[in-house]
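Taking it in order: structure first as structure tokens, then the write-up.
Since the structure is predicted, the reported quantities are computational estimates derived from the model, not experimental observations.
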Amino acid sequence: MDAPDAADVLAAASGDVDAFARLVRATQGPVWRYLVHLVGDGARAEDLSQEVYLRAYRKLHTLEDPHRFLAWIMVSARNAAYDDARRRKRRPLELVGDRDVTSSQAGHDPHITFEVHDALARLDETLRESLVLVGMIGLSYQEAADAIGVPEGTVKSRTFRARKLLMEMLAVGEDDV
């Protein structure tokens, strides 16, 4: 995923509403998909996305490096999901396989089948989070590391392990092809 334009970040931090709208348009899809994988519910992810952008609008002036906007907004999304989970006193990474996925927008994501949702839900949350950020959202390893607060090498190894486990869970035999 391409990082939003740093000029838009600076302009939005100075109060330019149009620049902020461009930032939202550039990042709203990945933020929503990330939140869906964290909370397991498309409607909650949508509500949390709005909360993330409200927080971002109020605090954008605190961002020191405009080139790090994408990692910064993903950290905000992660924090919103965990805050929501604390408010609800539930696990932040609800198992999608335990829910009726067809009733939420998560089931309507054309890029991911029910089987992949179920396999993702069975991954350890640290592995799932790295895989979602790198493999599905399209962040670089460094951006994902910044977003979840771990070293880049940790994200690389978690993503590798998550992909390997997913391949094993979703293994299609040669006869099935």
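- Between R22 and D5, none of the side-chain N atoms (NZ, or NE/NH1/NH2) sits under 4.0 Å from a carboxylate O, so this pair counts as no salt bridge.
- Linking ILVMFWY residues whenever their side-chain heavy atoms come closer than 4.5 Å, directly or via other members, places M169 and L127 in the same cluster.
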For this session: Evaluate the side chain to side chain contact (heavy atoms under 4.5 Å, CB included) criterion for residues V24 and Y57: first the C-alpha distance (whole Å), next the side-chain angles of each, then the deciding distance (0.1 Å), finally the verdict.
Result: CA-CA 10 Å; V24 171; Y57 187 75; over 6 Å; no
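- Smallest separation of non-hydrogen atoms from L23 and V9: CD2-CG2, 3.7 Å.
- When all heavy atoms are compared, the tightest approach of V75 to A147 is CG2-O, 3.0 Å.
- Remark: F20 CZ to R25 CZ distance equals 11.5 Å, nearest 0.5 Å.
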For this session: Applying side chain to side chain contact (heavy atoms under 4.5 Å, CB included), run through R161 and K164 and close with a yes or a no.
Result: CA-CA 5 Å; R161 285 195 326 251; K164 184 177 181 204; 5.6 Å; no
Problem set entry | Derivation and outcome, side chain to side chain donor-acceptor pair (under 3.5 Å), residues D16 and S14 | CA-CA 6 Å; D16 184 339; S14 298; over 6 Å; no
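- Residues F69 and D8 have side chains not in contact (no heavy-atom distance under 4.5 Å, counting atoms from C-beta outward).
- The heavy-atom pair separating A162 from L123 by the smallest distance is CB-CD1, 4.1 Å.
- Contact of the R163 side chain with the V134 side chain is registered, since non-hydrogen atoms from C-beta on lie closer than 4.5 Å.
- When the ring-ring contact (aromatic ring centres under 6.0 Å, His included) test is applied to Y141, no partner is found at least two apart in sequence or on another chain.
- Residues G42 and V36 share a closest heavy-atom pair of CA-CG2, 4.0 Å.
- Side-chain contact check for L139 versus M74: some heavy-atom pair is nearer than 4.5 Å.
- Closest of all the heavy-atom pairs between P30 and T27 is CD-O, 3.2 Å.
- For the atom pair CH2 (W32) and CD1 (I137), the distance works out to 10.0 Å, reported to the nearest 0.5 Å.
- Going from atom CZ of R78 over to atom CG of L48 covers 14.5 Å, rounded to the nearest 0.5 Å.
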Exercise. Run the side chain to side chain contact (heavy atoms under 4.5 Å, CB included) check on E51 and D84 step by step: do they pass?
Worked result: CA-CA 10 Å; E51 186 178 317; D84 180 65; over 6 Å; no
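- Summarising the geometry, atom CG belonging to L10 is positioned 7.5 Å from atom NE2 belonging to H67; distances are rounded to the nearest 0.5 Å.
- Remark: R55 CZ to D83 CG distance equals 5.0 Å, nearest 0.5 Å.
- W72 has its side chain out of reach of D65: every pair of non-hydrogen atoms, C-beta onward, lies at least 4.5 Å apart.
- Separation of atoms CG (L120) and CG (L131) is listed at 6.0 Å; rounding is to 0.5 Å.
- Contact detail for L35 and A77: the closest heavy-atom pair is CD2-O, 3.3 Å.
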